[in-house]
Novice: 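The structure's right below; bear with me while I get my questions together.
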Amino acid sequence: MEKKATRNGFGDEILELGRKNKDILVVDADIGKSCKTDVFAHELETQHINVGIAEQNAAGVAAGLATCGKIPFVVTYAVFGSLRMCEMIRQEIAYPKLNVKIAGSHGGLTPANDGASHQAVEDIGVMRSIPNMTVIMPADYWSARALVRAAVEQYGPIYLRFTRDAIPVIYDADTKFEIGKAHVLQEGKDLAIIANGDTVCLALEAAKELAKDGTSVKVVDMHTIKPLDVDAVKDCVENIGKIITTEDHNIYNGLGSAVCEVVAELGKGKVKRIGIQDRFGESAPYERLMAKNGITIENIVKTAKEFT
Amino acid sequence: MKKVTVDELKEIAKDLRKKVVTMVYEAQSGHPGGSLSVADFVTACYFKEMSVDPKNPKWADRDRFVLSKGHVCPIQYAALGTLGFFPEEVLHTLRKEGSPLQGHPNMECPGIDIPTGSLGQGFACAVGMAIAAKLDKKSYRVFAVLGDGECQEGEIWEAAQTANKYQLDNLIVFVDNNNLQIDGTTDEVMPNLDLGEKFKAFGFEVYNIDGNDMAQIVRTLDTIKMHAHDHKPKVIIGQTTKGKGISFMENVAVWHGIAPNKEQYEQAIKELDEGYSFN
């Protein structure tokens with residue numbers, strides 16, 4: 001299976017969008033090469049601003065640009081984009097509902113060898129708590145491109161999270177995505193797996209394994225964590241009742257929590273969450289870090305089999 | 001740019017100061033000290049220097065005004081209300097539920113270009129606006145007001161280095177150097193050293209003036225206009241008095257964020273009318 005990092009999807013799409021719309025700007029903070037904005041910077045020089053290693057300022061500059069009709073993408077690593085810039089995003093971008101997009105590469109455990117300082121395990125929780133903010137994590141290269149396009153079409157603050165590492169390409173260039181609308185990859189009747197980002201491919205593989213034993217699994221790509229597609233969750237509860245959530249994020253305040261909020265208020269349905277076990281990462285291969293947190297095909301299958 | 005004399009501007013500043021004290025008195029909440037120290041610069045900007053249209057607050061080519069020290073918004077509200085950005089009676093609703101005049105400014109209020117209140121952040125937004133003007137080859141300018149205490153925030157210097165890199169000669173910064181912050185003098189809390197030298201090291205053209213002297217403010221803004229295309233951002237270090245114009249508020253840190261009682265209010269208005277410390 002072909003593999004590509006979703007940061008490349010962002011880099012390729014922002015370049016195409018920037019060529020067509022001169023109001024689209026990239027605000028880099030010195031890691032453009034790593035976040036895949038280097039071609040944009042070179043080709044669309046007048047649409048590119050590099051504020052250096054100064055993320056807080058990057059957010060503020062972007063807010064100012066947005067008040068003048070620009071569509072700035074602040075580009076950095078997810079951990080800095082969500083935490084170092086957090087209050088600037090809150091005060092200067094989300095509060096006035098400005099048209100600023102935050103593109104966070106190196107989401108979750110994907111910057112594996114860099115260690116805990118660079119791994120964003122809590123960013124989605126932080127961003128999801130800010131009013132007016134939309135939070136997205138695409139599951140592959142093509143959905144990344146489609147959702148970056150959608151982010152430009154939707155006015156307002158949006159946080160997008162990408163992977164550093166290459167992950168399987170599961171969609172094609174023509175697959176349609178809508179912000180806030182879950183993408184159902186396959187239908188099933190015994191169990192629903194609601195996944196996002198780099199765990200969607202794991203959910204698909206787990207579903208294949210489970211099918212061998214006759215378990216029919218629905219797989220949902222919940223690329224938009226906020227606003228959550230509540231109807232899609234309700235549908236899983238009403239028609240299946242058992243849900244496993246998978247995410248490359250702390251089990252607190254991410255996709256699993258968001259799904260549980262809906263399920264708890266419905267007063268029926270059962271959920272098991274698979275994700276980072278409320279601990280920091282370390283330098284290690286990506287697959288090892290995922291395995292240490294039980295974010296594996298095997299553990300999804302095991303959890304499904306134990307689910308009564 | 002409007003034709004108005006220094007004496008007329010002084011009278012307007014007096015009127016705005018009275019409005020500030022009235023608003024804070026009526027709200028029994030707000031920040032009079034810093035509002036009074038920047039009153040003269042804010043007056044010069046809104047009533048002489050800046051190109052704005054009260055009937056069209058979002059006019060794309062307007063000059064921008066960023067009150068980075070957002071807590072002193074009563075003075076900006078007083079200017080906006082007097083100019084007709086909103087009906088003047090709205091000034092009586094400061095900090096009241098449903099009022100566009102929030103405790104710290106937001107963009108729901110006509111004439112506010114960016115929300116501020118969390119110190120250190122507005123300046124970066126002003127830099128973004130000035131970059132946008134350059135990108136669009138527009139001639140509008142961006143005025144930003146910073147507190148001296150606010151300059152302790154690291155983001156101020158991140159924004160300053162960006163202003164230098166992008167040669168923002170359309171950016172005019174005023175530092176309200178009143179030497180006081182909530183916990184005491186800036187020297188006690190965190191020495192700023194020489195702010196003018198700091199900004200100079202960051203590539204700014206620096207003007208050190210008495211920030212409560214209208215004639216000096218006007219002259220400095222005139223000089224800055226002659227350097228409009230020198231690729232350098234401008235900063236005015238305005239030596240000011242916190243609580244300027246009211247004897248019991250001047251240089252008293254506690255007046256940073258409290259409201260006067262009835263007796264104090266009446267005395268304040270009387271002193272402002274008599275031109276205390278301006279004569």
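Here the structure is a predicted model, which means the values were calculated and not measured. Per chain, numbering begins at 1; letters A, B, ... match sequence-line order.
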Novice: Please classify the contact between B:E108 and chain A as side chain, backbone, both or neither, with a heavy-atom cut-off of under 4.5 Å.
Specialist: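 For B:E108, neither part sits under 4.5 Å from chain A.
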Novice: As an exercise: rank B:V127, B:I114, B:I156 by heavy-atom pairs under 4.5 Å with chain A and give me the winner.
Specialist: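 Ranked by contacts with chain A, first place is B:I114.
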Novice: Within the distance-only criterion (no hydrogens, no angle test), does the side chain of B:D63 pair as donor or acceptor with the backbone N or O of B:R141 below 3.5 angstrom?
Specialist: yes
Novice: Do you know which of A:T46, A:D23, A:N50 has the most heavy-atom pairs with chain B at a distance under 4.5 angstrom?
Specialist: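 Most pairs with chain B among the choices: A:N50.
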Novice: When you measure from the centre of the six-membered ring of B:F143, is the NZ or CZ of B:R64 under 6.0 Å away and within 45° of the axis?
Specialist: no
Novice: A:M137 pairs by side chain to side chain contact (heavy atoms under 4.5 Å, CB included) with which of A:D123, A:T163, A:L255?
Specialist: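 Testing A:M137 for a side chain to side chain contact (heavy atoms under 4.5 Å, CB included) against A:D123, A:T163, A:L255 leaves exactly one candidate, A:T163.
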Novice: A:D278 and A:N250: side-chain donor and acceptor closer than 3.5 Å?
Specialist: yes
Novice: Side chain, backbone, both or neither: which part of A:E55 has a non-hydrogen atom closer than 4.5 Å to chain B?
Specialist: backbone
Novice: Out of the candidates A:E261, A:E247, A:E122, only one should pair with A:R128 under the salt bridge (Lys or Arg N to Asp or Glu O under 4.0 Å) rule; please name it.
Specialist: A:E261
Novice: Using non-hydrogen atoms and a 4.5 Å limit, figure out which bit of B:A159 sits close to chain A: side chain, backbone, both or neither.
Specialist: both
Novice: Can you tell me which portion of A:I49 sits under 4.5 Å from chain B's heavy atoms? Options are side chain, backbone, both or neither.
Specialist: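 Contact with chain B is through both the backbone and side chain of A:I49.
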Novice: Most heavy-atom pairs under 4.5 angstrom with chain A, which of B:E155, B:Q161, B:K58?
Specialist: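 Looking at each of B:E155, B:Q161, B:K58 in turn, B:E155 comes out on top.
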Novice: For each of A:K97, A:R90, A:E87, A:K22, tally heavy-atom pairs with chain B at distances under 4.5 Å, and name the one with the top tally.
Specialist: A:E87
Novice: Under a 4.0 Å N-O cut-off, is there an ion pair linking A:R161 with A:D248?
Specialist: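 Answer for the salt bridge query: no.
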Novice: Among A:I102, A:T37, A:V152, find the one that has a side chain to side chain contact (heavy atoms under 4.5 Å, CB included) with A:F73.
Specialist: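 Result for side chain to side chain contact (heavy atoms under 4.5 Å, CB included) with A:F73: A:V152.
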Novice: So which of A:L98, A:T67, A:L65 has the biggest tally of heavy-atom pairs under 4.5 Å with chain B?
Specialist: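 Between A:L98, A:T67, A:L65, the count favours A:L65.
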Novice: Would you call B:D194 and B:K200 a salt bridge, taking side-chain N to carboxylate O under 4.0 Å as the test?
Specialist: no
Novice: Let me know if B:Y166 has heavy atoms under 4.5 Å from chain A in its side chain, its backbone, both or neither.
Specialist: side chain
Novice: Looking at A:V27, A:V61, A:N57, which one has more heavy-atom pairs under 4.5 Å with chain B than the rest?
Specialist: A:N57
